[in-house]
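Below you'll find the structure, written out as structure tokens, and then a few comments.
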There are 2 protein chains.
Amino acid sequence: MSGQMSTASPEEPHSVPTLSAVAKLAGVSSITVSRVVRLPDLVAPETRGRVEAAMRELGYVPNQLAVGLARARTRSIGVLVPTIANSIFADTVQGLSDELEPLGYAVILAQSRYDAAREDHMLSALLSRRPEAIIMVGSPATEDGARLLRRAGIPVAETWDLPAAPIDAVAGFNNYDAGVAVARHLVAQGRDSLAFIGGDDPRATRRWNGFNDTAQALGAKAPRRLVLDRNASGSVVALAELPGVDAVFAANDAHAIGFMSGLRKAGLLRDGPAAEQPVAVIGLGDLEMGRLIAPSLSTIRVNGDAIGCTAAKLILTRAGPRHIDLGFELVLRDSG
Amino acid sequence: MSGQMSTASPEEPHSVPTLSAVAKLAGVSSITVSRVVRLPDLVAPETRGRVEAAMRELGYVPNQLAVGLARARTRSIGVLVPTIANSIFADTVQGLSDELEPLGYAVILAQSRYDAAREDHMLSALLSRRPEAIIMVGSPATEDGARLLRRAGIPVAETWDLPAAPIDAVAGFNNYDAGVAVARHLVAQGRDSLAFIGGDDPRATRRWNGFNDTAQALGAKAPRRLVLDRNASGSVVALAELPGVDAVFAANDAHAIGFMSGLRKAGLLRDGPAAEQPVAVIGLGDLEMGRLIAPSLSTIRVNGDAIGCTAAKLILTRAGPRHIDLGFELVLRDSG
DNA sequence: ATTTGCAATGTTAACGTTGTCATTTGTCGT
DNA sequence: ACGACAAATGACAACGTTAACATTGCAAAT
């Protein structure tokens, strides 16, 4: 409403209350207040009541910075994703955060935007917050980044892939094999002019490798690869770049749906089953949306939520296997 | 590969290096190292070189907890969203984080899952990290939550709505008016049996109110309201609950697309323009996907990215207007 | 009537930084 | 040749909490 006001509304005369402010009000020492928070059983009920009243009156909220410093346990974990907006990684963040938040962990989120320099920078920024663990999508892009993580001496989970030389824990799936599975399926369907569209990040490239190797091994023509911007709209016009193509593997469902939109405009999309499609399309991720559109999208289903959840469990315990392959599933619907 | 290994790989003999570890190695006092990091001009070039070498050798990363404690500036901001997975809020998080990360702020992310108790809890957890500001989607659901925020004495941005009595800053749009705009459009198109499908959170309810009030004022039949689970698949079957409906406003694009899928199964979806649709469908959010499907989705476009970006700017400065209406736009395509 | 033991509280020194003062040099002007 | 001054560095006390060790009482055991 009216222009600028002091941020702290008049409610309280500023200054966040500390342990000793509460202590003074309750007529005890600060350590007693600290105990009321952490180990209430050690404090006499009568005293405890007084302290609790004081905490309520002052609106005391413990300072986790100080706690973290004193105990060398910050109860926070760093999460690094390429991007969070309309991406399947949001599922992973949700999954891990649902696992971690009830345990009192804070999630510190950083985005690398598929940029190696920014990734290193964010990794370092994350580490400066002394998280108890790091969960990241993929693996560090640079040796500097990897060294940073190794030196930090905390659990690290790499996800969405199965790196050959992981730093610590892994929760992902085999991207190469995903490409293999798609190529096999398409060739078996009688397609022979294949293409791969999408990003050129390491994971997409692995998919491409599996796809390319397999298609050629099975006697199809050498697949084409089209590197696109990260938004699906770019793939609408991808068709123009791929004359004669009869099957497309898109790096993710958004690209696949974009490409299908291009096919529709060109009159190359049928309402019928996969076999009737002039151009088969397979996505990756299994967005809910893919199931709902027509023709429904065939895709490599990957459980992003489970990846996050598994990564969280991996960093919480030292026991058990450290490298978990969550697998994927080729879900065949009407698009290819 | 092989079972469990100590988390810290052999690279370094544990223990994260501190300022004084660097200082000892460089043969200076810790304050000098601190200056090399923050105020390099105050340190003689020769000394600075030695210190920088020591920092590199040890892999020194400043401890932001200690910095935050000493300076009472944590360079972090708390972000509270209902949910991050396949939701438009991910755009907002991306927007604000792109604005804030380059400035050295860390984003601490929490999800309320549309639960008031959890929201209060996460708010308090966030505050315990002493963020310099809080950005949240919507407004605190409880008076406790609001009090918590007011007492914290930091900038607070409420987003995705225009609350009547905001705590501090606001970056959003008028949800009631969005409902009004949709109802007007649908009634003008000659529809008179309207329905609203989606969640029952405060923002969805405001949309419903605008929608309902306007439809009735314009002489349509009293609209029906169907509260659905948060996933789009639920809306596929919504049609069965709405006999005779000829226009639907969905609380978001995902629900809209799900509902269209139900229409398609029922043979009630046409390839032609809005006028030919037996049942008009309007979404909200303007997912990229809505543009790509057929029939293309009419929707209330809301720029989630801009909301995040604006919220970030609002908490960074005290000057200028504190309440920004980013507006919305009724984008008409083929679905309604 | 001591001692023992435990329950309830308090004191002190960390944790890793930075702010606020010193202190040590060396340069310059007169 | 002497003080004035600045450049370079350092000592020390905060910041808000907790760990580790006191210190009180007072009840029970001897």
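Throughout, protein chains are lettered first and strands after them, A, B, ... in sequence-line order, and every chain is numbered starting at 1. Fair warning: this is a prediction, and the values are worked out from it, not measured in the lab.
- With D/dG16, D/dA11, C/dT17 as the choices, the nucleotide that has an atom nearest any side-chain atom of B/Leu19 turns out to be C/dT17.
- Using a 4.0 Å cut-off, no side-chain N or O of A/Ser34 falls inside it from OP1 or OP2 of D/dT17.
- For the residue pair A/Gln94 / B/Arg113, a side-chain donor-acceptor distance below 3.5 Å is found, with atom types taken as modelled.
- When the P atom of D/dA14 is taken as reference, atom CG of B/Leu65 falls 22 Å away, rounded to whole Å.
- Residue A/Thr32 places at least one side-chain N or O closer than 4.0 Å to OP1 or OP2 of C/dG10.
- Atom pair A/Gln64:CD and D/dG16:P shows a separation of 15 Å (rounding to whole Å applied).
- At a threshold of 4.0 angstrom between heavy atoms, the contacts of A/Thr47 are confined to the sugar-phosphate backbone, with no base atom among them.
- Looking at the side chain of B/Thr18, the nearest of the listed nucleotides D/dG16, C/dT17, D/dT9 is C/dT17.
- For the pair A/Leu42 CG and D/dT23 C1', the interatomic distance rounds to 16 Å; values are reported in whole Å.
- By the 4.5 Å heavy-atom criterion applied to side chains, B/Glu158 and B/Pro140 are counted as neighbours.
- Annotation: side chain of B/Arg48 is not in contact with side chain of B/Arg35 (no heavy-atom distance under 4.5 Å).
- Atom-to-atom, CD1 of A/Ile31 to C1' of D/dA22 comes out at 12 Å; the value is rounded to the nearest Å.
- Atom P of nucleotide C/dG16 and atom CZ of B/Arg35 are separated by 20 Å, given to the nearest angstrom.
- Atom P of nucleotide D/dC15 and atom CZ of B/Arg75 are separated by 21 Å, given to the nearest angstrom.
- Residues B/Asp41 and A/Ser20 both approach DNA chain D. Their nearest nucleotides, taken by heavy-atom distance, put B/Asp41 toward the 5′ side.
- With respect to B/Thr310, the side-chain contact (heavy atoms from CB on, under 4.5 Å) criterion is satisfied by exactly one of B/Ile324, B/Asp305, B/Asn303, B/Val170: B/Ile324.
- Not a single donor-acceptor pair, N or O on each side, falls under 3.5 Å between the base of D/dG16 and the side chain of B/Arg130.
- Note on A/Arg38: only backbone sugar-phosphate atoms sit closer than 4.0 angstrom, heavy atoms only; bases stay farther off.
- Note: CG (B/Leu69) to P (D/dC15) measures 9 Å, nearest angstrom.
- Backbone-only engagement by A/Ala44 is indicated by non-hydrogen atom pairs under 4.0 Å involving sugar-phosphate atoms exclusively.
- When the side-chain nitrogen and oxygen atoms of B/Tyr60 are compared with OP1 and OP2 of C/dT17, one or more of them lie within a distance under 4.0 Å.
- The side-chain heavy atoms of B/Val16 and A/Leu127, taken from C-beta on, include no pair separated by under 4.5 Å.
- In this structure, B/Leu58 places its CG atom 15 Å from C1' of C/dG16, rounding to the nearest Å.
- Listed nucleotides: C/dT9, D/dG16, D/dC15. Nearest to the side chain of B/Ala70: D/dC15.
- Contact annotation: B/Arg71 reaches the phosphate of C/dG19 (side-chain N/O to OP1 or OP2, under 4.0 Å).
- Between A/Thr74 and B/Leu65, some side-chain heavy-atom pair lies under the 4.5 Å cut-off.
- Minimum atom distance to the side chain of B/Val67 is reached by C/dT17, of the listed C/dT17, C/dC15, C/dT11.
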